[in-house]
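One structure is given below, encoded as structure tokens.
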Amino acid sequence: MSVEAKAKYHGKVLQVAVPSPLRRVFDYLPLPQQQASPEPQAGIRVKVSFGRQQLIGIVVAVANSSILEKKKLKPILASLDTEPLLNAAVFKLLLWAANYYQHPLGEVFAAALPAKLRNGNPLRESSKVWTASEPSTSQTSLLGRAVKQKALLSFIRSAGEVTESKLRQAGFSKMLLVQLLQKNLIEEHSRTEVAASFEALEPESSFDLELNEEQLVAVTTISKALQGYKCFLLNGITGSGKTEVYMRIMQEQLSKGLQCLVLVPEIGLTPQTIARFKQRFSCLVVSLHSGLNETERMTAWLQARDGSAGIVIGTRSAIFTPLANPGLIVIDEEHDASFKQQDGFRYSARDLAVSRARQEGISIVLGSATPSLESLHNAQCNKFVHLHLSQRTGSDQPSAMEVIDVSNEAMTGGFSEQLLYRIRKHLQQRNQVLVFINRRGFAPILNCQTCGWICECENCNTQFTVHANPPSIRCHHCGATARLPQSCPSCKSNDLNTLGIGTQRIETFLQKQFNHTPVIRIDRDSTRRKYSLEKMLEEINKGDPCILLGTQMLAKGHHFPNITLVAILDADSGLFSADFRGQEHMGQIIVQVAGRAGRADRPGEVLIQSRHATHETLQTLANKTYAEFSKSQLKERMSAQLPPFSHLCLLRAEASERLLALQFLDELAQFCQRFSAHNSLPIEQLGPLPAPMEKRAGKYRVQLLLKTNKRGNLQALLSSLCAELEGMKLPRSVRFSIDVDPQDLV
Ligand code: ADP
Ligand code: ZN
Ligand code: ZN
């Protein structure tokens, strides 16, 4: 039976998405006076009463009937817009994304809009202006001997129209204005400023850089396809001039008056990145990132929406920014994990960007030195056009990699003798050295030498990390912090020992080993203060010998021409990770960090310490190219039928009792089984099982992994699962989430 046939009410109905965890729209009646004009339309905000609350929702569609009876339908309280907030392409993208990621539509819209709009502020702040009424002597005579009022009136008459600031400049008080208004001698109007679109840039042919052959091929190939949708994977080693390629294509679109949207990883959106674009292009460049306040964000968003910004640069959520005249999307470092939102609305900005480009009929360029296996696979299947930049620009040489076998070595402070020797040599030659370890803090373990007790965070059942400054223990999973214990709580022994290495411990060790060389530590702890990173980078760029020590914050964005040695202290944790993406991520980090070093006259060296030096993955990475490495990774994924050769969805449940979470997912698992059997959908289920990290912040975590070869199967299952869930009474203490295309299985 169709919805029409079930309809109990016939007449105009607004289907509204409200910010609530419910995955459906709600029917409301339009305001009576609105039934004429302006017609209520999809995409505008409305205020509605929802239960006992008043919420701001978005009209998703206007229907001609409802399955509810008239008396159950409430009219909206107010309509907040006269035009849709988002253009059709972004609107459609959000509807699609809500469905694909199985996330409540109201929350999806909320994620896409600046907070000011979410909170009901007007789309455009209107400003007031005043004009004189039709002159009539009888009215003017009302003024009598009010000299100041007379002066203001003639001021307004001669100006035609005045704004508040003009009045203030001329020295008139607001009070006088009110008096004239009361006497109907002047009229008040509101004006909303609509910015004009930016002026098309002159096509500029004379950049001082001459493109190399590969860049030229990339630019020409992309240029030819700019009329419509096409996705390009620009696969170029660090320093091969990818940004230069983006900018040439952008220039071409900007000269036609078309806007460019550039997404960069969270760590990559530095003032330098923005400055580089501002320096090249004379159009308005706006940035959207977490550092903006709500007014700045709103302004940038509006400038993108009304077309006055030529270039919009932003992190993940900028993918939802509407553009009046879209011409190109660029995703820099497309492999970066920060493009996937890890909580709430768990979307992939990269994947949505590709959908959006198709929706808008424009081209998109995904750039990376270490493309994700997903994108490489798409290139192999000819969904993406693969472009290569294999040379560093200028005469810079790529670094040579070498694995140091430390399986039988006595290590000091995490370093083998050989590595220390090589570091010393590079420093003696007045070069800089980069030491990479992906673990911040002093040491990952504090234990008792007498009884073996290990200091653990009770909320997460994982070890506390010891921090040196100030001496403390911190949980890197829930953020819990405590004073460093002086004795073992279990046996009272004072013989406590730190095991393992973190950035702070290595810093101390290196300072002792190389006491004449500055050691600069860059990690989340050392860069918390504003501008501290900039200061450290400045110090490094002076070029004097130093040791730069840090975590993956170093793997992005910055180039260090004076670094000739990169030391990777521990590759083994990535080699044997619980996450099937562990090796891919290890490879990407090593290649990215390696790409920071070396230049023409001083080629770089990369040394990787491992207890498994003969491991094939490590050997491929060290002795062959990233392309070879990713090819062998893809082969392994294929034989294990893991993404990109299958599609995953992770259902997670969290509760303070393990059993509650398990029982809940068990119920869902049974539903999934029945559904797939009934519809003969080949969907594999793994679990419910405890998550690899079973307890976090006091909650037990259980997960159920769904795997299939066809996205459509999974989508069908998830849709009916969600419908089932809406009808189910969720145990209050269980938190549940759906993660489509999960990045992180831990
Ligand atoms: P990527 O984005 O691939 O890391 P960039 O585009 O930042 O590389 O280029 C690295 C450096 O090389 C920049 O300083 C850039 O100005 C310069 N560069 C880019 N293309 C050329 C070229 N064709 N000739 C000379 N220098 C170039
Ligand atoms: Zn003890
Ligand atoms: Zn914890």
Side-chain angles (χ1 to χ4, degrees), residues 207-219 233-250 262 264-265 268 270 272-273 275-277 279-280 330-336 365-371 387-396 398 441 444 446-465 472-482 485-497 555-561 591-592 594-600 626 693-701:
F207 289 121
D208 31 6
L209 292 180
E210 201 179 317
L211 294 183
N212 66 31
E213 214 164 292
E214 288 176 318
Q215 283 176 316
L216 208 55
V217 170
V219 171
L233 178 60
L234 182 60
N235 186 175
I237 62 169
T238 310
S240 60
K242 292 184 291 296
T243 312
E244 191 58 40
V245 172
Y246 307 149
M247 293 199 291
R248 297 289 169 115
I249 305 296
M250 288 165 68
V262 183
V264 297
T270 57
Q272 289 96 310
T273 314
R276 197 165 168 189
F277 286 98
Q279 201 174 20
R280 173 68 66 94
V330 172
I331 315 277
D332 192 27
E333 310 285 4
E334 66 86 30
H335 65 280
D336 194 88
V365 182
L366 309 180
S368 176
T370 53
L387 299 166
H388 299 269
L389 304 180
S390 59
Q391 320 273 305
R392 283 195 179 180
T393 60
S395 48
D396 284 6
L446 178 70
N447 91 326
C448 168
Q449 301 277 67
T450 313
C451 76
W453 168 82
I454 288 179
C455 183
E456 282 189 345
C457 170
E458 274 180 23
N459 293 331
C460 306
N461 286 359
T462 50
Q463 301 110 18
F464 265 117
T465 299
S472 57
I473 48 176
R474 288 185 212 170
C475 175
H476 287 186
H477 301 286
C478 71
T481 305
Q486 296 304 311
S487 61
C488 170
S490 170
C491 74
K492 309 286 178 254
S493 153
N494 290 333
D495 204 0
L496 295 183
N497 185 33
K556 275 159 220 160
H558 312 286
H559 186 65
F560 305 107
V591 172
Q592 292 280 346
R596 305 296 129 196
R599 61 175 197 198
Y626 179 79
M693 192 180 160
E694 197 193 355
K695 203 176 167 200
R696 179 146 83 195
K699 300 280 189 209
Y700 286 93
R701 309 161 75 235

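Just so you know, ligand 1 is whichever comes first in the structure, and atom 1 is the first atom listed for that ligand.
The side-chain heavy atoms of E244 and L211, taken from C-beta on, include a pair separated by under 4.5 Å. Side-chain atoms of Y246 and L234, non-hydrogen and from C-beta on, do get closer than 4.5 Å to each other. Side chains of E213 and Q215 form no contact here, defined as non-hydrogen atoms less than 4.5 Å apart. In this structure the side chain of W453 reaches within 4.5 angstrom of the side chain of P489, judged on heavy atoms. In this structure, L446 and F464 have side chains that are not in contact, with every pair of non-hydrogen atoms separated by 4.5 Å or more.
Geometry note: the Zn ion (ligand 2) is the vertex, C448 SG and C451 SG are the arms, and the angle is 110° (rounded to 10 degrees).
Put simply, part of G239 is less than 4.0 Å from ligand 1, judged by heavy atoms. Residue contact annotation: R276 has a non-hydrogen atom under 4.0 Å from ligand 1. I237 counts as a contact of ligand 1, since one of its heavy atoms falls under 4.0 Å from the ligand.
K242 contributes no side-chain N or O that, together with a main-chain N or O of E333, makes up a donor-acceptor pair within less than 3.5 Å. Of the possible polar contacts, one joining the R701 side chain to the M693 backbone as a donor-acceptor pair under 3.5 Å is found.
Atoms of ligand 1 found under 4.0 Å from any heavy atom of G241 (numbered from 1 in listed order, with element): 1 (P), 3 (O), 5 (P), 6 (O), 8 (O), 9 (O), 19 (C). Heavy-atom proximity to E210, at under 4.0 Å, picks out these atoms of ligand 1: 22 (C), 23 (N), 24 (N). Residue-ligand proximity, S240 to ligand 1, at heavy-atom distances under 4.0 Å covers atoms 3 (O), 8 (O). Distances below 4.0 Å separate heavy atoms of E244 from the following atoms of ligand 1: 6 (O), 19 (C), 20 (N). Less than 4.0 angstrom separates some heavy atom of N212 from each of these atoms of ligand 1: 23 (N).
Within 6.0 Å of CD in Q449 there are more than 12 heavy atoms belonging to other residues, nucleotides or ligands.
Within the coordination shell of the Zn ion (ligand 3), defined by N, O or S atoms under 2.8 Å, H476 is absent. The Zn ion (ligand 3) does not have H477 among its coordinating residues (no N/O/S atom, backbone or side chain, under 2.8 Å).
For ligand 1, the polar-atom distance check against T243 finds a nitrogen or oxygen pair separated by under 3.5 Å.
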